[in-house]
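The structure under discussion appears below in the form of structure tokens.
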Amino acid sequence: MTTVNLAIFGIGNVGSILIDQVQDIKQRLLDEQGLDLRIPVITNSALAYFTDDTNKNWQTDFKKSSVNYDILDVIKYFKSQQLKNAIAVDVTASKTLVDNYELLIEKGFHIISANKIANTLSQDYYNRLRRALKEKGKRYLYETNVGAGLPIVETVKNLYQSGENVTKIRGVFSGSLSYIFNTFSEAEKPFNDILNTALLDGLTEPDPRDDLSGKDVARKLLILARELGIKHELNEIKVASLVPEELGGETTLEQFKERSYELNSIFENKKKSQSPDTVLRYIGELDDLNKTLEVRLTSVPKSSPLGQLKGTDNLFEIYSESYDKQPLVIQGAGAGKSVTARGVLSDIIKLAQSLK
Ligand SMILES: NC(=O)c1ccc[n+]([C@@H]2O[C@H](COP(=O)([O-])OP(=O)(O)OC[C@H]3O[C@@H](n4cnc5c(N)ncnc54)[C@H](OP(=O)(O)O)[C@@H]3O)[C@@H](O)[C@H]2O)c1
């Protein structure tokens, strides 16, 4: 039997479900794979709960018994309890925690992360982190950084590592923008009506301009590019933001919401000016031949896989030597707390199996 000890940082949407999912499959993992997955530490930004293993009542235990902490307390606890096979699981969106990755690796932790920050800082940091992992013989898995639970990072990495020449990756990388343009292309509705529905349904960030700016798509594109050994910085990606200048910058969220009708004519004109049988999609595109990374709104044939996209699905087309005319296509829910937690858990099990 192999015991694996998780320190779970972040108990928000994804972290909470992840802890529940671990409880649900605990016995099966033990019976079928001889893996004892334990969670001796769970934290939010200020408080940590230390135990020998969490159980199904972890929320109550956390409320009752959590204490103020810093990262050194977690490290010391693992050391004092002699907890082997330590994995730090980052289900936060915190830069502070990322700043501690190198320390965690130094102190013997593997890292699993849903947090995109570490992979989108400078190329220097990216290389340094990988050097630290190599030196310490530790692993870092982050499948959910792109496409939530979809197996996109692993697929791109496998193609690259097996010597396949990936020439292009193109797709819809954002669930909220997928929903907005899939709906806008089908329905005769003003753009801001669709945007408001997406906001009310929790599909966009609280400030929808965070989605419309294209920055999140750019981050995901950079993560995939770096898997292919392409050295690039976030600010070198060409991003066509969907937020007009007059609605960005100084404009408050309230003002943006009030004036969001100003977006209607912009997108209606784009819709009308494209050729028939095409639809608008907001895509990320990596072109290895031309060495470009680009995020932009484009028209695609209605009959193409991208043109057929529905709901909030993500879709990734990967072109390579072997997938030359017809791309390898990965499609499905690219966001959502349950699928993301499942993706993190899948990384945890993969790593745990390698520790046996
Ligand atoms: N939701 C999705 O569909 C999805 C999909 C793919 C990837 N992701 C990524 O998954 C991560 C988590 O998303 P979420 O929706 O679960 O976020 P969330 O609901 O906002 O939860 C974030 C959690 O992280 C905690 N936290 C913040 N800073 C921390 C720190 N320095 N140390 C320890 N804990 C800290 C927060 O604690 P406080 O309450 O104390 O602030 C909170 O418990 C994000 O990076 C997100 O981009 C999410």
Side-chain angles (χ1 to χ4, degrees), residues 6-22 39 41-50 54 58-59 62-63 66-75 77 87-104 109 111-121 140-154 172-179 198 201-207 210-211 213 215-224 311-314 316 332-348:
L6 311 175
I8 298 195
F9 295 91
I11 46 173
N13 292 315
V14 179
S16 303
I17 295 194
L18 172 65
I19 299 170
D20 290 340
Q21 288 178 354
V22 171
I39 311 178
V41 179
I42 50 182
T43 85
N44 62 20
S45 62
L47 298 169
Y49 170 56
F50 297 92
T54 49
W58 67 269
Q59 305 248 27
F62 187 87
K63 274 195 197 114
S66 56
V67 292
N68 288 317
Y69 82 107
D70 67 26
I71 196 77
L72 292 176
D73 297 322
V74 176
I75 292 168
Y77 186 74
I87 305 178
V89 183
D90 178 357
V91 266
T92 77
S94 160
K95 165 79 165 60
T96 318
L97 184 56
V98 168
D99 288 339
N100 285 315
Y101 277 14
E102 286 173 280
L103 175 66
L104 285 163
F109 285 78
I111 311 271
I112 285 177
S113 186
N115 181 352
K116 288 183 273 291
I117 294 178
N119 283 328
T120 52
L121 292 173
Y140 171 37
L141 302 182
Y142 42 84
E143 182 56 72
T144 52
N145 275 196
V146 186
L150 298 177
I152 173 77
V153 174
E154 176 85 357
V172 168
F173 296 13
S174 151
S176 52
L177 294 172
S178 179
Y179 170 81
D201 287 351
L203 296 176
T204 65
E205 293 295 323
D207 186 338
D210 290 344
D211 298 286
S213 71
K215 278 190 195 135
D216 188 56
V217 177
R219 280 197 191 94
K220 292 172 180 168
L221 192 60
L222 181 64
I223 292 168
L224 295 183
T312 59
D313 270 9
N314 279 194
F316 301 86
K337 49 193 178 181
S338 294
V339 285
T340 306
R342 194 68 72 191
V344 175
L345 182 51
S346 160
D347 272 350
I348 293 172

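In each ligand, atom 1 is the first atom listed, and ligand 1 is the first ligand listed. Source: prediction; values computed, not measured.
The Thr43 neighbourhood of ligand 1 comprises atoms 33 (C), 34 (N), with distances under 4.0 Å to a heavy atom of that residue. Taking every heavy atom of Lys116 and a limit of under 4.0 angstrom, the matching atoms of ligand 1 come to 47 (O).
For Val14, a nitrogen or oxygen atom sits less than 3.5 Å from a nitrogen or oxygen atom of ligand 1, counting backbone and side chain alike. Between Gly15 and ligand 1, a contact under 3.5 Å exists for no N or O pair. Checked by distance only, ligand 1 and Thr96 stay at 3.5 Å or farther apart across all their nitrogen or oxygen atoms. Not a single N or O atom of Thr144, backbone or side chain, sits closer than 3.5 Å to an N or O atom of ligand 1. Polar contact with ligand 1: present for Gly12 (N/O pair, distance under 3.5 Å).
Closer than 4.0 Å to atom 28 (N) of ligand 1 lies at least one heavy atom of the protein.
When non-hydrogen atoms are compared, ligand 1 lies under 4.0 Å from neither the backbone nor the side chain of Tyr142.
Judged as a salt bridge (charged side-chain N to carboxylate O under 4.0 Å, His left out), and not counting sequence neighbours, the contacts of Lys95 are Asp99. Evaluation of the side-chain hydrogen bond (donor to acceptor under 3.5 Å, both in side chains) rule for Thr340 yields no partner, not counting sequence neighbours.
Side chains of Thr54 and Tyr49: a donor-acceptor N/O pair is absent below 3.5 angstrom, by distance only.
Remark: Ile42 CD1 to Phe62 CZ distance equals 6.0 Å, nearest 0.5 Å. Taking CD1 of Ile8 as the start and CD1 of Ile112 as the end, the distance is 9.5 Å to the nearest 0.5 Å. Between the CG atom of Asp20 and the CD atom of Gln59 there is a distance of 6.5 Å, given to the nearest 0.5 Å.
When hydrogens are left out, the protein atom nearest atom 43 (O) of ligand 1 is Ile11 N, 3.0 Å; that is the closest non-hydrogen contact. The protein atom (non-hydrogen) at minimum distance from atom 33 (C) of ligand 1 is Asn44 O, 3.1 Å. Looking at atom 31 (N) of ligand 1, its nearest protein heavy atom turns out to be Ser94 OG, 3.1 Å. From the protein, the heavy atom lying nearest to atom 22 (C) of ligand 1 is Val91 O, 4.0 Å. Ala114 CB, 3.5 Å is the protein heavy atom nearest to atom 10 (O) of ligand 1. Counting protein heavy atoms only, atom 32 (N) of ligand 1 is closest to Tyr69 OH, 3.5 Å. Nearest to atom 3 (O) of ligand 1 among the protein's heavy atoms is Gly336 N, 2.8 Å. Taking atom 6 (C) of ligand 1 as the reference point, the nearest protein heavy-atom neighbour is Thr340 CG2, 3.5 Å.
Looking only at side-chain heavy atoms (C-beta outward), Lys116 and Asp216 come within less than 4.5 Å of each other. A heavy-atom distance below 4.5 Å is not found between the side chains of Ile152 and Phe173. With contacts defined as side-chain heavy-atom distances shorter than 4.5 Å, the pair Asn115/Tyr101 qualifies. The shortest distance between side-chain heavy atoms of Ile111 and Ile87 does not fall below 4.5 Å.
In this structure a side-chain-to-backbone donor-acceptor pair under 3.5 Å is missing from Asp201 to Leu203. A distance-only check finds a donor-acceptor pair linking the side chain of Asn44 to the backbone of Leu47 [under 3.5 Å].
One option in Asn13, Asp216, Val344 has a heavy atom closer to atom 15 (O) of ligand 1 than any other, and that option is Asn13. Within the set Ala7, Ser45, Ala333, Ala341, the minimum heavy-atom distance to atom 37 (O) of ligand 1 is found for Ser45. The closest heavy-atom contact to atom 44 (C) of ligand 1, among the options Ile117, Asn115, Ile42, Thr92, comes from Thr92.
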